[in-house]
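A quick note: this is a predicted structure, and the numbers were derived from the prediction, not measured. Below, all heavy atoms of this structure are taken into account, side chains as well, without hydrogens, waters or symmetry copies. To find a chain, count down the sequence lines: A is the first, B the second, and so on, and within it residues start at 1.
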There are 2 protein chains.
Amino acid sequence: MAKIVNDREALAIFRKHLEVYTTLSDDEYERVLTYFVPKKLKKHEFLVHEGDWVTNHHWVIKGLLVSNYTDDEGKDHIMQFAIENCWITDQDAFYNQTKAIFNITCLEDTTLMCLSFSNREKMCADMHKMEHYFRKKGNDSFVKQQRRLLSYMTNDAKGRFNLLMAEYPGLYQRLSKKILAAYLGVTRETLSRFKF
Amino acid sequence: MAKIVNDREALAIFRKHLEVYTTLSDDEYERVLTYFVPKKLKKHEFLVHEGDWVTNHHWVIKGLLVSNYTDDEGKDHIMQFAIENCWITDQDAFYNQTKAIFNITCLEDTTLMCLSFSNREKMCADMHKMEHYFRKKGNDSFVKQQRRLLSYMTNDAKGRFNLLMAEYPGLYQRLSKKILAAYLGVTRETLSRFKF
DNA sequence: CAAAAAATGTGATCTATATCAATTTTTTGG
DNA sequence: CCAAAAAATTGATATAGATCACATTTTTTG
C-alpha cells in the first residue's frame with residue numbers, strides 16, 4: 001500500500017488523524033496501511049451506484065464527494081459530503097452487507113483509500129487499537145449526525161447552512177446552489193431567495 | 001452487581017443482547033457486570049437535566065424514557081425514546097464529557113443499569129470483546145439514526161410515524177399524542193387531524 | 001371524590017415554502 | 001471560442017402545516 005499510494009504527505013495526515021484517537025508505532029501504522037487499496041476517480045464518476053453491493057468504506061485523500069438519495073418523486077436529498085480527511089460510504093449497506101440506496105458521486109477529481117468490510121473486520125480483530133479507533137470515530141460520527149438531525153428538527157434552512165459551514169469552512173465555494181439546496185432540504189428557488 | 005440487580009431474567013436478556021455482537025464466557029459476563037451500577041426512577045423523574053454533566057450511559061431493564069430538546073421558542077423536540085433493552089443518554093455530552101442539552105425523563109417507572117464514562121473506557125481497554133461490542137452497536141445506532149434523518153428529509157409525519165412503529169411495535173399505546181407529535185415534528189393539532 | 005391540571009379535538013386564519021413558468025447567466029465539451 | 005446544456009434568478013400562485021382560540025374529555029392529586 002505504502003508503495004502504491006506514493007504520497008508521503010497524505011499518509012502522514014492519515015496517521016495523524018488515527019493518532020487523535022489512538023497511538024501507533026511505525027510498525028503498527030505500516031500494518032494498518034496493508035489493509036487499504038488506493039483508488040482514483042474523475043469528477044462526475046460514481047463511487048457507489050444505488051443498488052450496488054457496498055463492499056468498501058473510503059478515506060478521502062483528495063477531492064469532494066456527495067452521497068445522494070433520490071426519492072419516489074425524483075427529488076434529491078444529500079446525506080453527506082466528504083472532503084479531504086473524511087470517511088464516506090453507504091453505511092447501512094456497508095455495515096449490513098446489503099445494497100446501496102445512495103448514489104455517491106465525485107464533485108471533483110478524487111483520490112481515495114478503500115477499506116473492504118472483511119479487511120476492516122480483520123484489522124479490528126487483529127489490532128485492538130484499531131477497534132478502539134473505529135469505536136471512537138463511530139461515536140463522533142453519531143454525534144455529528146445527531147446535531148444535523150436536531151437542526152432538521154429545530155432550525156430552518158439558514159440554521160442548517162450555518163451548521164454545515166461551521167463543520168466544513170470553505171466548502172461553500174466548492175458547491176453549486178442546486179447541491180447546497182438538496183443538502184439543506186429546500187428547493188433551489190427558495191435557497192436563491194435567501195440572503196445569508 | 002449481580003447481587004445488587006437481583007433480576008436473573010433481566011441479566012439473561014442483557015447477556016443475550018451482548019451475544020448478538022460478541023461471545024462471552026460466564027466469567028467474562030460476570031466481569032462485564034462489575035462495571036455497572038443499578039438505578040430506579042419513578043414516572044416523571046429526570047435521568048438527565050439540561051445543563052448537567054453527563055457521566056453515565058444507561059441500559060434500560062424496564063420502563064420508558066424520552067430524550068427531549070426544548071428550543072428557544074419553548075417548543076419540544078424528541079431525539080430518542082428508550083424502552084426495555086435500549087441504551088439511552090445525551091451522547092454528545094457523554095462522549096465529549098460536557099453538559100447536556102437534552103432533558104431525559106421517565107414516562108413510566110424505570111429500572112436501569114448505569115455505565116460511567118470511565119468504567120466504559122476501562123471495560124473497553126480491558127476486554128477487547130466489549131470494545132468490539134460497542135463498535136458494532138455504535139454502527140447500528142448510526143444507521144438507525146441515519147434512517148430517521150432520511151425520513152425527516154424525504155417523508156412527512158406519516159412516513160416518520162410508520163418508521164417509529166416498525167422500530168418499536170407497541171410503543172404507540174404507551175405514548176401521549178403530545179409526545180408523539182414532538183417526536184414526529186408536527187404540532188399536536190396537526191397530528192390530531194391526521195388519520196393514520 | 002371533587003377540583004385542578006393536562007390532554008385532546010376542531011374551526012378559522014396565517015405563513016413559509018413548494019410549485020410552475022419564464023428569463024438570464026454560467027459552465028462545459030467539441 | 002462557440003453552441004448547447006446546466007445553473008441560477010425572479011415572479012405569480014398554491015398548499016401543507018402552524019398558530020390561535022376555545023370546547024370537551026381524561027387524568028392526576030390533595
Side-chain angles (χ1 to χ4, degrees), chain A residues 41-46 63-64 66 68-78 81 103 105-110 150-165 171-196, chain B residues 41-46 63-66 68-78 81 103 105-110 150-164 171-196:
Chain A
L41 291 169
K42 294 275 182 201
K43 187 171 174 170
H44 296 134
E45 283 190 297
F46 283 71
L64 173 59
V66 64
N68 182 71
Y69 175 77
T70 306
D71 70 21
D72 312 331
E73 286 108 47
K75 276 186 252 177
D76 288 325
H77 305 273
I78 290 175
F81 292 116
N103 283 304
T105 57
C106 300
L107 298 182
E108 300 174 1
D109 292 355
T110 292
L150 190 61
S151 123
Y152 252 90
M153 296 192 293
T154 61
N155 300 144
D156 60 8
K158 290 184 192 187
R160 294 196 286 279
F161 176 78
N162 292 332
L163 186 65
L164 181 67
M165 290 307 107
L171 181 61
Y172 182 73
Q173 287 70 250
R174 297 164 76 174
L175 299 176
S176 70
K177 300 284 170 61
K178 185 184 170 185
I179 294 278
L180 185 57
Y183 182 86
L184 297 178
V186 290
T187 59
R188 77 205 148 63
E189 292 95 327
T190 295
L191 180 62
S192 174
R193 283 182 252 258
F194 281 165
K195 285 291 147 269
F196 285 100
Chain B
L41 291 169
K42 294 274 180 204
K43 186 171 174 172
H44 297 135
E45 285 191 295
F46 282 71
L64 173 59
L65 301 101
V66 64
N68 182 70
Y69 174 78
T70 306
D71 69 21
D72 312 331
E73 286 108 48
K75 275 187 250 176
D76 288 326
H77 306 273
I78 290 175
F81 293 116
N103 284 302
T105 57
C106 300
L107 299 181
E108 299 175 1
D109 292 354
T110 293
L150 191 62
S151 125
Y152 254 90
M153 296 192 293
T154 62
N155 299 145
D156 59 9
K158 290 184 193 187
R160 294 197 285 279
F161 176 79
N162 292 332
L163 186 64
L164 181 67
L171 181 60
Y172 182 72
Q173 287 71 248
R174 299 164 75 176
L175 299 177
S176 70
K177 299 286 167 64
K178 184 185 169 186
I179 294 277
L180 184 57
Y183 182 86
L184 297 177
V186 290
T187 59
R188 73 200 162 68
E189 292 95 329
T190 296
L191 179 64
S192 173
R193 283 181 251 261
F194 281 166
K195 285 288 147 268
F196 286 98

Are Thr187(B) and dG17(D) close enough that a side-chain N or O sits under 4.0 Å from OP1 or OP2?
no
Does any part of the side chain of His77(A), heavy atoms only, come nearer than 4.5 Å to the side chain of Asp71(A), both counted from C-beta?
yes
How many Å lie between CG on Leu107(B) and P on dT27(D), as a whole number?
16 Å
In whole angstrom, what separates Glu189(B)'s CD from dA16(D)'s P?
18 Å
Scan every strand shown for a Watson-Crick or G-U wobble partner of dC2(D), both distances under 3.5 Å, and answer none if you come up empty.
dG29(C)
Please determine which of Asn68(A), Thr110(A), Val66(A), Leu41(A) meets the side-chain contact (heavy atoms from CB on, under 4.5 Å) test together with Thr105(A).
Val66(A)
Rounded to whole angstroms, how far apart are CD on Glu73(B) and P on dT15(C)?
15 Å
Do Arg160(B) and Tyr183(B) meet the cation-pi criteria used here (NZ or CZ under 6.0 Å from the six-membered ring centre, within 45° of the axis)?
no
Respond yes when some side-chain nitrogen or oxygen of Ser192(A) is under 4.0 Å from OP1 or OP2 of dT9(D), and no when none is.
yes
Go through the N and O atoms of the side chain of Arg193(A) and the base of dT19(C), and report whether any donor-acceptor pair is under 3.5 Å.
yes
What is the distance from CZ of Phe194(B) to C1' of dG9(C), rounded to the nearest Å?
15 Å
Write down the distance between CG (Leu180(A)) and C1' (dA6(D)), rounded to a whole number of angstrom.
17 Å
Side-chain (Asn162(A)) to main-chain (Met165(A)) donor-acceptor, under 3.5 angstrom:
no
Taken to the nearest whole Å, NZ/Lys178(A) to P/dA8(D) is 9 Å
In whole angstrom, give the distance that lies between atom CG of Asp156(A) and atom P of dG17(D).
18 Å
Tell me whether the OP1 or OP2 atom of dA7(C) has a side-chain N or O from Ser176(B) closer than 4.0 Å.
no
Could you check whether the rings of Tyr172(A) and Phe161(A) sit parallel, tilted or perpendicular, using 30° and 60° as the cut-offs?
perpendicular
Between dT9(D) and Lys177(A), is there an OP1 or OP2 to side-chain N/O distance shorter than 4.0 Å?
yes
Write down the distance between CD (Gln173(A)) and P (dT27(C)), rounded to a whole number of angstrom.
14 Å
Assign each of Lys75(B) and His44(B) to its nearest nucleotide of DNA chain D by heavy atoms, then name whichever residue's nucleotide is nearer the 5' end.
Lys75(B)
